[in-house]
Amino acid sequence: MSEDYLRCQSIWKLKVTPLNRRRLDNFKKNRRGFWSLWIFLLLFALSLFAELIANDKPYLVWHKGEFFFPAIFEYPETVFGGDFPTEADYTDVFVQELIEKDGWLAWPIVRFSYDTIDKELTKPAPSPPDTRHWLGTDDQARDVLARLIYGFRLSVLFGLILTTLSSIIGIIAGAIQGYYGGLRDLFFQRFIEIWAGMPQLYILIIMSSILVPGFWVLLVILLLFSWLALVGVVRAEFLRARNLDFVRAARALGVSDSTIIFRHVLPNAMVATITMLPFILTGGVTALTSLDFLGLGLPPGSPSLGELLNQGKNNLQAPWLGLSGFFVLALMLSLLIFIGEGVRDAFDPRKTFE
């Protein structure tokens, strides 16, 4: 074996401590959480390539000896021999014939994007599932399967960004409270008690109705309250650890507060933090879906699971709308809950798995 390989192996062994190895083994033995993680990662990875799976543009075009990628880049119709300098409409039979004269097109599995309106429906929208639309169409003649794929990606990305920002703010706030204590902790706790006691749902509805809805606007609104979930556990860990011997020794040696916080105390607090992250992610996805269901979420036309559920409520004669949104949302939240339970049990020293 090469020296580089041996060096990488030694670095890996140094990073994976026996304690972390035991936690990882415990998580693997929790079959429900372990397989839920892999299923969720697979679905999320597929959704990241939604433009190549569901799109009204071909993902690859071969024309006159050149490759084109319409799903990623825009090309004017004149590139393929057309008359208009605007972007080519690949659903137009005329454009397809121009390309096929000197090449070919490779279409995605689902030949509709989340905002594609099918003008060739043989039945009034919402139309039931058939060979053209596997899960039917909504009340605006848009493909349900395409909207589910894009909606899944949007919900997970929203939840991940919200979880990351909430964790950063919550960890910093809890670390400052727990490490310094005193008046900082006292005033911060009173502020958190007042802020947490406010009716969050009503505030979210009011702010969502005042501000122009959008991805980042909703993210900021939900961030106002989601960071509170981690403050308590991080503060408790810092209050417990700040008087331990290794922290006192570091202070006596003149180590700066920032070094003590991030290098010595924070790793102990991260155990409780990591176990809560999947549940915070679940809460973010649920909050976005709820606002979309109430019509206060993303702008109209966005691929939203909540908007699809709202269509199912308004079109009881089309059960495929509500059922499709429900099963995707239930699958996503169930996987996240199982992952969270697996992580929590893996970090619990009292849990053992056969």
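FYI, the numbering just counts along the sequence from 1.
- One hydrophobic cluster holds both F67 and F80 under the rule that ILVMFWY side chains link at heavy-atom gaps under 4.5 Å.
- The hydrophobic cluster containing F279, built from Ile/Leu/Val/Met/Phe/Trp/Tyr side-chain heavy atoms closer than 4.5 Å, also comprises I337.
- Pairs passing the ring-ring contact (aromatic ring centres under 6.0 Å, His included) check and including a residue from residues 321-346, sequence neighbours excluded, do not occur.
- Under the 3.5 Å distance criterion, the side-chain polar atoms of Y179 are left unmatched by any main-chain donor or acceptor of A241.
- When the shell of 6.0 Å around CH2 of W35 is examined, it contains 12 or fewer heavy atoms from other residues, nucleotides or ligands.
- Residue pairs satisfying the salt bridge (Lys or Arg N to Asp or Glu O under 4.0 Å) criterion with at least one member in residues 175-187, sequence neighbours excluded, are listed as follows: D185-R235.
- Here salt bridge (Lys or Arg N to Asp or Glu O under 4.0 Å) pairs that include residues 153-170, with residues two or more places apart or in two chains, are E51-R153.
- For D56, the side-chain contact (heavy atoms from CB on, under 4.5 Å) partners at least two apart in sequence or on another chain are T91, S113, T116.
- Each ring-ring contact (aromatic ring centres under 6.0 Å, His included) pair with one or both residues in residues 117-146, not counting sequence neighbours, appears once here: F112-H133.
- The salt bridge (Lys or Arg N to Asp or Glu O under 4.0 Å) contacts involving residues 249-274 comprise nothing, where partners must be two or more places apart or lie in separate chains.
- The backbone N or O of A106 lies less than 3.5 Å from no partner atom in the side chain of W62, so there is not a single donor-acceptor pair.
- Applying the side-chain hydrogen bond (donor to acceptor under 3.5 Å, both in side chains) test to every pair with at least one member in residues 156-173, sequence neighbours left out, gives these pairs: S166-S226.
- Residues meeting the side-chain contact (heavy atoms from CB on, under 4.5 Å) test with A71, sequence neighbours left out: L52, N55, Y59.
- With sequence neighbours excluded, the residues satisfying side-chain contact (heavy atoms from CB on, under 4.5 Å) with E77 are F84, A88, F94, V95.
- Aromatic ring centres of F215 and F158: separated by under 6.0 Å.
- For residues 96-122, every residue pair satisfying the salt bridge (Lys or Arg N to Asp or Glu O under 4.0 Å) rule, not counting sequence neighbours, is listed here: D118-R132, E120-R132.
- For residues 279-290, no residue pair satisfies the side-chain hydrogen bond (donor to acceptor under 3.5 Å, both in side chains) rule, not counting sequence neighbours.
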